[in-house]
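Worksheet for the structure shown next.
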Number of protein chains: 2
Amino acid sequence: MNFNKLLNEKGLKATPQRLLILNTIKDGGHIDIEKIYEKINKIIPSISIATVYKNLKLLVDKGIIKEVHINSFKTLYEVNTSFHIHLVCKKCKKITDIEVNEKSIFSFFNKLVKEDVKNFDVTGYYICENCKN
Amino acid sequence: MNFNKLLNEKGLKATPQRLLILNTIKDGGHIDIEKIYEKINKIIPSISIATVYKNLKLLVDKGIIKEVHINSFKTLYEVNTSFHIHLVCKKCKKITDIEVNEKSIFSFFNKLVKEDVKNFDVTGYYICENCKN
DNA sequence: CTATATGCAAATAGTTTGCACGGAT
DNA sequence: ATCCGTGCAAACTATTTGCATATAG
């Protein structure tokens with residue numbers, strides 16, 4: 001993923017801080033601001049938490065990243081890529097992305113709902129294999 | 001809905017504050033703590049916001065109410081009743097409950113996902129009739 | 001009566017803001 | 001020289017905690 005190019009396309013400068021925020025989110029999967037800041041701080045110790053807040057908001061506005069809201073978690077961030085749903089283990093809290101066929105889920109819901117729904121957030125809760133013991 | 005009885009069953013005292021919190025949530029549909037406090041404050045002006053915080057947490061733990069997390073909203077509360085999904089108008093932000101057949105949605109997802117999913121949070125985004133103008 | 005719940009105030013945590021400075025063009 | 005982004009500190013908002021008092025059962 002070429003974040004440099006992506007940022008420029010959206011009219012944003014590709015600063016080291018921004019690139020590092022994006023790569024941290026990409027690597028972290030579903031990560032909250034505290035962990036983002038911790039990780040970045042090891043590489044750019046001078047970074048301010050305010051810069052992280054400002055950029056997260058900006059990147060969400062531009063559609064480059066997405067907020068993920070799941071019960072009992074703080075706000076998490078993920079890079080905005082293809083449609084998927086989230087599975088959360090009730091015990092260990094691990095979050096897994098499940099890629100699903102977007103068309104099939106939309107046709108299912110649009111039968112169910114009758115309103116013309118543009119997009120969905122879906123989170124499923126389960127007990128993962130590891131935790132079944 | 002007999003909140004009095006429900007509270008006692010869970011080992012909680014049915015104080016006026018608690019009953020009012022529950023009725024405020026029931027009437028409010030999807031309501032955040034600020035609005036809950038405002039409404040209650042008109043009826044029991046002596047109530048403390050700390051009491052509201054403590055009770056919301058307690059009632060969530062006991063499964064009497066549920067937190068609702070939707071993009072760009074503060075944490076909302078609803079009384080924990082039958083399975084439904086949330087539709088959110090992207091413009092006016094109105095939230096509507098859609099009662100759906102729980103079995104049909106579970107069988108759909110369990111085909112899709114293969115893990116044994118216990119429950120789902122589903123939120124759909126659309127433009128409501130009013131806002132289409 | 002006594003275990004729980006409330007209300008208050010203080011503490012803590014989370015987030016936003018304004019502004020001076022710095023780096024890229 | 002100008003624009004945009006950063007870092008800092010202060011402000012603001014949200015949430016939690018401890019404790020003395022009040023009250024439901």
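As the structure is a prediction and not an experimental result, all values here were calculated from the model. So that the names make sense, note that chain A is the first sequence line, chain B the second, and so on, each numbered from 1.
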Give the angle between the helix axes at the two ends of the helix from C/dC1-D/dG25 to C/dT25-D/dA1, taking five base pairs at each end and rounding to 10°. 30°
When A/Val117 is tested against each of B/Val88, B/Leu87, B/Ile85 for side-chain contact (heavy atoms from CB on, under 4.5 Å), which residue passes? B/Leu87
Just by protein heavy atoms under 4.0 Å, how would nucleotides 9-20 of chain D read 5' to 3' in B, S and -? B----SBBBB--
Is there a side-chain polar atom (N or O) of [X] under 4.0 Å from OP1 or OP2 of [N]?
| X | N | value |
| --- | --- | --- |
| A/Gln17 | D/dG7 | yes |
| A/Arg18 | D/dC4 | no |
| B/Asn55 | C/dT6 | yes |

Tell me: [atom1] of [X] to [atom2] of [N], nearest whole Å?
| X | N | atom1 | atom2 | result |
| --- | --- | --- | --- | --- |
| B/Leu20 | C/dG7 | CG | P | 11 Å |
| A/Lys10 | D/dG5 | NZ | P | 15 Å |
| B/Leu22 | C/dA5 | CG | P | 13 Å |
| A/Lys62 | D/dG5 | NZ | P | 9 Å |
| B/Lys5 | D/dG25 | NZ | P | 15 Å |
| B/Leu7 | C/dT6 | CG | P | 10 Å |
| A/Ile47 | D/dC8 | CD1 | P | 10 Å |
| B/Asn41 | C/dT6 | CG | P | 15 Å |

Under a 3.5 Å threshold, yes or no: a donor from one side chain and an acceptor from the other, between [X] and [Y]?
| X | Y | answer |
| --- | --- | --- |
| A/Asn71 | B/Asp121 | yes |
| A/Tyr126 | B/Asn119 | no |
| A/Glu78 | A/His86 | yes |

Judged by nearest nucleotide, the residue sitting upstream toward the 5' end of DNA chain D, A/Lys13 or B/Pro16, is A/Lys13
Do [X] and [Y] have side chains that approach each other closer than 4.5 Å (heavy atoms only, starting at C-beta)?
| X | Y | result |
| --- | --- | --- |
| B/Lys62 | B/Leu12 | yes |
| B/Ile64 | B/Lys10 | yes |
| B/Ser104 | A/Leu112 | yes |

Please tell me whether B/Phe120 and B/Phe109 form a close aromatic pair, meaning their ring centres lie under 6.0 Å apart. yes
Quick check for you: to the nearest 0.5 Å, what is the distance between A/Ile127 atom CD1 and A/Asn133 atom CG? 11.5 Å
So A/Thr15, base contact, sugar-phosphate only, or nothing? Heavy-atom distance under 4.0 Å. sugar-phosphate
